[in-house]
Amino acid sequence: MGERIDIMLDEEEVNEKIKELGKKISHDYAGKEVYMVCILKGASFFACELAKRITVPVYLDFMSVSSYGNEAKSSGVVKIIKDLDAPLEGRNVIIVEDIIDTGNTLSYLVDTLRQRNPESIALCTLLDKPDRRVTDISVDYTGFQIPDEFVVGYGLDYGQKYRNLPYIGIVHID
């Protein structure tokens, strides 16, 4: 049994969208610093490319989280595996994700990070699957809205493979 990957968004489309997001964030945070929180592992490719395109000062930090439960359904319990290196108090925080689907993990993270008294919190995602949303969460910066397909590339994986693809592809299991 193997996989076939069909290109959904090519490398040029992805790069152009990241440039647009960087320009918008730079405009919205003009004269301020941004504290980017990259959610590992998937968002690392996107966050690094986005940070290069933001013209205001950027502090980049990383979090790793895990949702417990079996593969069919999450229990809704989120555990922080790797926390931030610096306090958030008074900072303008942008949480950077590769993809948002149900919104459960991000809802938990926003609530958790709000308790650390940042100046502001915004959400930025490369991909958004609004059809899968079960939690009402507001996304401030969205690259692409996509249908409910299993996608890989640009940090997204299938069994830890395909993160390094420079495009977003749909996985088909043969």
Side-chain angles (χ1 to χ4, degrees), residues 1-29 34-55 58 60-67 69 71-74 78 81-82 93-110 121-174:
M1 194 146 100
E3 305 94 42
R4 177 174 47 85
I5 312 295
D6 290 335
I7 295 175
M8 174 188 273
L9 300 163
D10 67 32
E11 184 174 7
E12 188 176 318
E13 288 175 284
V14 173
N15 285 330
E16 190 58 36
K17 186 58 74 172
I18 294 171
K19 189 184 338 180
E20 288 174 26
L21 289 169
K23 186 175 180 180
K24 179 145 180 47
I25 290 168
S26 298
H27 175 268
D28 291 353
Y29 290 89
V34 171
Y35 189 95
M36 283 180 52
V37 176
C38 171
I39 307 304
L40 295 172
K41 298 178 185 171
S44 59
F45 289 74
F46 172 47
C48 290
E49 290 300 317
L50 180 62
K52 291 191 302 189
R53 290 162 173 88
I54 295 174
T55 58
V58 174
L60 183 59
D61 205 346
F62 300 89
M63 285 188 89
S64 181
V65 297
S66 174
S67 296
E71 290 181 26
K73 185 176 179 186
S74 172
V78 178
I81 306 298
K82 189 249 180 260
V93 175
I94 300 177
I95 301 171
V96 179
E97 259 292 20
D98 52 358
I99 190 166
I100 299 175
D101 50 26
T102 65
N104 288 334
T105 301
L106 272 231
S107 179
Y108 171 84
L109 277 179
V110 168
I121 294 183
L123 293 179
C124 179
T125 187
L126 179 59
L127 304 173
D128 187 9
K129 286 186 184 179
D131 293 343
R132 300 242 321 132
R133 197 82 79 247
V134 297
T135 302
D136 186 27
I137 189 157
S138 175
V139 182
D140 303 280
Y141 304 98
T142 300
F144 301 94
Q145 282 194 353
I146 63 169
D148 188 13
E149 297 279 359
F150 192 85
V151 292
V152 295
Y154 228 89
L156 295 140
D157 73 294
Y158 173 68
Q160 298 299 321
K161 296 186 293 184
Y162 308 117
R163 287 188 196 277
N164 61 317
L165 296 176
Y167 57 84
I168 303 299
I170 300 171
V171 176
H172 301 280
I173 310 298
D174 297 328

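From a predicted model like this one, the values you see are computed outputs, not experimental measurements. Counting from 1, the numbers follow the sequence of the chain as shown.
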Ile39 side chain near Val65 side chain, heavy-atom distance below 4.5 Å: yes

Please evaluate residues Met36 and Leu50 with respect to the criterion side chain to side chain contact (heavy atoms under 4.5 Å, CB included), reporting the C-alpha separation (whole Å), side-chain torsions for both, the decisive distance (0.1 Å), and the verdict. CA-CA 10 Å; Met36 283 180 52; Leu50 180 62; 4.2 Å; yes

Would you call Lys161 and Asp157 a salt bridge, taking side-chain N to carboxylate O under 4.0 Å as the test? no

Does the side chain of Ile100 reach to within under 4.5 Å of the side chain of Val139, using non-hydrogen atoms? yes

Evaluate side chain to side chain contact (heavy atoms under 4.5 Å, CB included) for Phe144 paired with Leu9, printing each intermediate quantity in order. CA-CA 9 Å; Phe144 301 94; Leu9 300 163; 3.6 Å; yes

Between Met8 and Ile146, is there a side-chain heavy-atom distance shorter than 4.5 Å? yes

Which value, rounded to the nearest 0.5 Å, describes the distance between Lys41 atom NZ and Arg163 atom CZ? 5.5 Å

Under the criterion side chain to side chain contact (heavy atoms under 4.5 Å, CB included), I'd like the reasoning laid out for Leu40 against Met63: C-alpha separation, chi angles, the key distance, then a yes or no. CA-CA 6 Å; Leu40 295 172; Met63 285 188 89; over 6 Å; no

Are any of the side-chain heavy atoms of Tyr35 and Val37 separated by less than 4.5 Å? yes

CD1-OG1 distance between Ile137 and Thr105, expressed to the nearest 0.5 angstrom: 9.5 Å

Thr142 vs Leu126, test: side chain to side chain contact (heavy atoms under 4.5 Å, CB included). Steps then yes/no. CA-CA 6 Å; Thr142 300; Leu126 179 59; over 6 Å; no

State, with a plain yes or no, whether a side-chain heavy atom of Ile5 is found less than 4.5 Å away from one of Val152. yes

Shortest non-hydrogen pair, Lys129 vs Glu149, comes out as NZ-O, 2.6 Å

Please check if the number of heavy atoms outside Asp6 that lie under 6.0 Å from its CG is greater than 12. yes

Could you go through Asp61 and Lys82, starting from their C-alpha distance and side-chain angles, then the distance that decides it, and tell me whether this counts as salt bridge (charged side-chain N to carboxylate O under 4.0 Å, His left out)? CA-CA 10 Å; Asp61 205 346; Lys82 189 249 180 260; 3.8 Å; yes

Check Cys48 against Leu60 and note the closest heavy-atom contact, atom names and distance. SG-CD2, 4.5 Å

Determine the interplanar angle of the Tyr29 and Tyr141 rings, folded into 0 to 90°, and report it as parallel if under 30°, tilted if 30 to 60°, perpendicular if over 60°. tilted

With a 4.5 Å cut-off on side-chain heavy atoms, are Pro130 and Gln145 touching? yes

Which residues share a side chain to side chain contact (heavy atoms under 4.5 Å, CB included) with Ser26, sequence neighbours left out: Ile54, Thr55

Review item, side-chain donor-acceptor pairs of residues 15-22, under 3.5 Å, at least two apart:
residue	atom	partner	partner atom	Å
Asn15	OD1	Tyr154	OH	3.4
Asn15	ND2	Glu11	O	3.3
Lys17	NZ	Glu20	OE1	3.4

Looking only at side-chain N and O atoms, does Tyr167 offer a donor or acceptor that is under 3.5 Å from a partner on Glu13? no

Identify the two heavy atoms, one from Val58 and one from Ala51, that lie closest to each other, and give their separation to 0.1 Å. CG1-CB, 4.3 Å

Identify the heavy atoms of Val14 and Ile168 that sit nearest to each other, and give their distance. CG2-CG1, 4.0 Å

Please check if atom CD in Glu12 has more than 12 non-hydrogen atoms from other residues, nucleotides or ligands closer than 6.0 Å. no

Got a donor-acceptor contact below 3.5 angstrom from the Thr125 side chain to the Leu127 backbone? yes

Taking the side chain as C-beta and beyond, is there a heavy-atom pair between Lys23 and Arg53 under 4.5 Å? no

Which heavy atom of Ile94 sits nearest to which heavy atom of Cys124, and what is that distance? CG2-CB, 3.8 Å

So CZ of Phe45 and CG of Leu165: to nearest 0.5 Å the spacing works out to 9.0 Å

For the side chain of Arg133 and the backbone of Asp101, is there at least one donor-acceptor N/O pair under 3.5 Å apart? yes

Where do Phe46 and Glu97 come nearest, in terms of heavy atoms and distance? CD2-O, 3.4 Å

So does Asn104 get a backbone contact from the side chain of Ser107, meaning a donor-acceptor N/O pair under 3.5 Å? no

Flag the pair Thr102 / Thr135 as yes when at least one side-chain heavy-atom distance between them is below 4.5 Å, and no otherwise. no

